[in-house]
Amino acid sequence: MIGTDFYPTLLAAGSAALPKEYPGDGVDLKPVLKQEPKAADAAPRTLYWHYPHYGNQGGAPATAVRRVTGS
């Protein structure tokens, strides 16, 4: 799960459709939350994180990439 998944998941929970112009960078995780069969077999995707600046507590710029392959 990543932050961009909240929007499609909340829309699905409210029985609302995604807008046509939605760029598709998040997925509906309602089946996972409802523990439905095959919910863990999510489509493979690559997740990216980027922290672009120095923090006031010693944090330094960093990037991570994770390929999620499903089960």
Side-chain angles (χ1 to χ4, degrees):
M1 176 175 213
I2 195 163
T4 55
D5 296 335
F6 284 109
Y7 183 60
T9 302
L10 292 173
L11 285 178
S15 300
L18 283 168
K20 289 184 189 333
E21 67 275 0
Y22 181 68
D25 55 349
V27 297
D28 171 16
L29 295 176
K30 192 172 115 181
V32 176
L33 296 173
K34 292 179 73 178
Q35 299 180 349
E36 293 177 355
K38 294 283 191 176
D41 294 338
R45 62 184 176 156
T46 303
L47 301 176
Y48 303 88
W49 295 268
H50 184 61
Y51 183 76
H53 58 274
Y54 289 93
N56 64 356
Q57 297 176 342
T63 299
V65 178
R66 180 174 183 203
R67 176 80 176 147
V68 180
T69 59
S71 31

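- Using a 4.5 Å heavy-atom threshold, the side chains of P61 and Y54 count as touching.
- By the side-chain hydrogen bond (donor to acceptor under 3.5 Å, both in side chains) test, R45 is found to be paired with D5, residues two or more places apart in sequence or in another chain being considered.
- Partners of H50 under the ring-ring contact (aromatic ring centres under 6.0 Å, His included) rule, at least two apart in sequence or in another chain, do not exist in this structure.
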Side-chain polar contacts of residues 10-34 - donor-acceptor pairs under 3.5 angstrom, sequence neighbours left out - could you list them?
| residue | atom | partner | partner atom | Å |
| --- | --- | --- | --- | --- |
| Y22 | OH | D25 | OD1 | 3.3 |
| Y22 | OH | G26 | N | 3.1 |
| D28 | OD1 | K30 | N | 2.8 |
| K30 | NZ | A12 | O | 3.4 |

